[in-house]
Structure formats: C-alpha cells, structure tokens
Amino acid sequence: MQALIDRWRAHLVHEGSTRAVALMRIGFVLLVWSRYADEILPFRHRGWDWWLLVPAFFVATTAMLFGVQTRLATVATACVLATMYGVFGWLGGHEPWVHHHTYLLNIGVVWLALTPCGRSFSVDRWRAVRHAEITGAEPPPERGPLWAVPLLAAQCSAVYLWSAVDKTNVRFLSGDQLESILMHFYSGSEPVSVPGFATVCLVASVFVVLVEYVLPVALFVRRWHPWVVLFAMLFHGVLYVAIPVGTFTLTMWVYFLAYVDPEAVHRFVDQLTGRPYATSGLTPR
C-alpha cells in the first residue's frame, strides 16, 4: 500500500513540457467557438439570462484562447460551459446543448483547467519571457505538473469503451442500424439498390465495434502511436465525411494530444521553428 501511495505522490509532482496542453487549450477554445458562438450572439435572444451569458462566454473564452491569466480564464470557461450544459440545457430545455458531443467538449475544458496550460503559447508566457529579459534572468522553462493529463486521456478512452458497449447488440452488429443511418442521410425512405450494401453495412458495423474496443487501450501504448493515432484520426475523418457529427471529430483529434509524450510534442515544435530544445530544459533523445 505504501508503494502505491508513493507512486501516486510521485505522479502528482511529476512535471513535463506544457506545450501539448497549451495546444489542447487553443484547440478546445476554437471548437467551443465553432459550436456555440454563433448561437449565443445577442441579437438571437432577448432574455436577461442570455445577456449575462454572452459577455461571460466571450470574455472567458477569449482570455483562454490568448492565454491571459490562463488558469483563471480556463476555470471561468469551464464554469460558463457547465452553466450552458446544466442550466440552459437540462433545466432550460435547450436540447442541443446536452448532446454527448457537447458534453465531451465541455468536460475536456474542465479537465484542462487542472493543467498549467498557460505556460506555453500564451500572453502569460510572453510576459514571463519579457520579465526575464528585463531582469537579465533565464526565461522560465515551459514545464509544469501534468498529473491531470491522464484524466483527459481516460475521458477519451471512456468514449470509445462505452460507445462499443452500447453498440454490442444484435441490431447494430447485424448492420441494420448502420444501414438505417446511411439510408436516412443518403436515400431517405428509399432502399439502397447497391449490390452487397447490406453485407458492407454488416462488415462495417462489426469493424467499428472492434475498433472502439481496441482504441481505449491501444492509445495508451506510446510505441504504437505512429500507427494507432494516425489510424484513429483517419477513422474519425471518415466519420466526419460520411455522417454529420459536428465538432466530434476535431474534438477527438484534440484529445489525442493527451496520449502523446509531452516531451515529444515539445521537440516537434522546436524542430518546426528551427530552435531545437530552446529554453526547454530538455535534452535530445
């Protein structure tokens, strides 16, 4: 038991590069705007509660995007999204805001608020570097405690796992449900006359369920990432093109950063900018 406690304590104080969580911060904000911003513009609503929501939403998300008082801004954004989901969605009856796609996006911001996502790619970072230049000190390394990042990865894996469990039934595995979905979007009430269409739907249904059972575990194996992450991105890309899934595909792509070694992300960004391992506190591998 003591060994387990010691391991947990070590995990809580473990530090790593903050560039991956900073990229997640930017990605989540852009997706939040894509999903909600147009819908809550002032001219669309007249109630006082909406007039309170609008400035809270845009101030919090803009500060989070640019990284101004980033931790506070991310917490504020998480609170705004929770209010939209619970008060306006569940209690107010605005059904689109309680969809599982919006929940996944909102909870991602909640978990991200537990990370030092403002120590890279932010105004906060720029101010810290400027202060170091003025005082003649070394710029602070882009590092911080990353104990909350596995929560993001676990959330993503849970989506796959419970989606697979939900699909493990005769109606889906027989291909009937997928066939109905495709008919709804492509042929309406008319049966699809393509030869072998039912067989393709059966094979695709079984394949989807297998993928959703494998990915929750496979994504945690970092030596498989070059293939598994690429496959998962292609998988969601096909879903986006085939059926209307809204922000779900890009949300999952952002979540994949939670599985990737943060030091690898840091080195990759350095290589892109031509400044290998600059101000990172890292050593090349």
Side-chain angles (χ1 to χ4, degrees), residues 23-24 26-39 85 89 94-109 152-220 224-260:
L23 290 172
M24 295 184 75
I26 295 168
F28 277 139
V29 174
L30 294 177
L31 286 167
V32 165
W33 271 54
S34 176
R35 174 61 188 83
Y36 295 113
D38 181 70
E39 193 173 344
Y85 186 89
H94 194 65
E95 189 276 334
W97 287 4
V98 293
H99 194 275
H100 59 275
H101 291 174
T102 58
Y103 170 81
L104 181 63
L105 180 56
N106 296 355
I107 198 65
V109 176
L152 287 152
Q155 180 69 65
C156 185
S157 287
V159 170
Y160 288 121
L161 177 60
W162 293 112
S163 179
V165 170
D166 186 60
K167 292 183 179 72
T168 306
N169 57 70
V170 174
R171 183 165 183 263
F172 190 88
L173 292 174
S174 66
D176 291 346
Q177 188 170 347
L178 180 58
E179 188 172 352
S180 297
I181 292 171
L182 294 177
M183 286 175 60
H184 172 75
F185 290 113
Y186 289 95
S187 65
S189 59
E190 297 293 326
V192 177
S193 59
V194 177
F197 178 70
T199 302
V200 171
C201 288
L202 185 152
V203 173
S205 297
V206 174
F207 175 75
V208 166
V209 173
L210 289 175
V211 166
E212 290 181 337
Y213 272 121
V214 170
L215 284 180
V217 177
L219 283 167
F220 279 103
W224 295 352
H225 279 175
W227 304 106
V228 173
V229 173
L230 177 60
F231 171 81
M233 292 183 70
L234 290 173
F235 175 73
H236 284 287
V238 170
L239 289 181
Y240 186 88
V241 173
I243 56 177
V245 294
T247 57
F248 178 65
T249 289
L250 290 178
T251 300
M252 295 300 282
W253 284 7
V254 173
Y255 265 100
F256 291 158
L257 282 168
Y259 297 97
V260 179

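Relative ring orientation between Y160 and F256 is described as parallel, the plane-to-plane angle staying below 30° on a 0-90° scale split at 30° and 60°.
The aromatic ring centroids of F28 and Y255 lie less than 6.0 Å from each other. No close placement of the Y240 and H101 rings is indicated, their centers lying 6.0 Å or farther apart.
Separating the SG atom in C201 from the CE atom in M183 is a distance of 9.5 Å, to the nearest 0.5 Å. Here the straight-line distance linking atom NE2 of H99 with atom CG of L105 works out to 12.5 Å at 0.5 Å rounding. Taking NE2 from H100 and CD1 from I107, the interatomic distance works out to 15.0 Å, rounded to the nearest 0.5 Å. Note that CD of E179 and CZ of F172 are 12.5 Å apart. Values are rounded to the nearest 0.5 Å. L182 CG to I243 CD1: the interatomic distance, rounded to the nearest 0.5 Å, is 7.5 Å. Atom CG of residue L31 and atom CG of residue N106 lie 11.0 Å apart, to the nearest 0.5 angstrom.
Taking every heavy atom of both residues into account, V211 and P216 meet most closely at O-CD, 4.4 Å. In terms of heavy atoms, F220 sits closest to S157 at CE1-OG, 3.2 Å. Listed here is the closest heavy atom pair of E212 and A164: OE1-N, 3.4 Å. Scanning all heavy atoms of the two residues, the minimum distance from L152 to G108 falls at CD2-O, 3.6 Å. Across all non-hydrogen atoms, the minimal contact from Y186 to V241 is OH-O, 4.0 Å. Closest heavy-atom contact between A258 and M24: N-SD, 4.0 Å.
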Give the intermediate values and the outcome of side-chain contact (heavy atoms from CB on, under 4.5 Å) for residues M252 and L104.
CA-CA 9 Å; M252 295 300 282; L104 181 63; 3.5 Å; yes
Evaluate side-chain hydrogen bond (donor to acceptor under 3.5 Å, both in side chains) for H94 paired with E39, printing each intermediate quantity in order.
CA-CA 11 Å; H94 194 65; E39 193 173 344; 2.5 Å; yes
For S163 and K167: C-alpha separation, side-chain torsions, deciding distance, then whether side-chain contact (heavy atoms from CB on, under 4.5 Å) applies.
CA-CA 6 Å; S163 179; K167 292 183 179 72; 2.5 Å; yes
Worked check of side-chain contact (heavy atoms from CB on, under 4.5 Å) between Y103 and V98:
CA-CA 7 Å; Y103 170 81; V98 293; over 6 Å; no
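Although no hydrogens or angles enter the test, the distance criterion places no donor-acceptor pair under 3.5 Å between the side chain of S34 and the main chain of L30. No donor-acceptor pair closer than 3.5 Å links the side chain of S205 to the backbone N or O of S174. A donor-acceptor pair is defined here as one N or O able to donate and one able to accept, closer than 3.5 Å; such a pair exists between the side chain of T102 and the backbone of W97. In this structure, W224 contributes its side chain and L219 its backbone to no donor-acceptor pair below 3.5 Å. Checking side-chain atoms of Y259 against main-chain N and O of A153 turns up a donor-acceptor pair under 3.5 Å.
Surrounding CZ of F235 are more than 12 heavy atoms belonging to other residues, nucleotides or ligands, all under 6.0 Å away.
H236 places none of its side-chain heavy atoms less than 4.5 Å from the side chain of L250.
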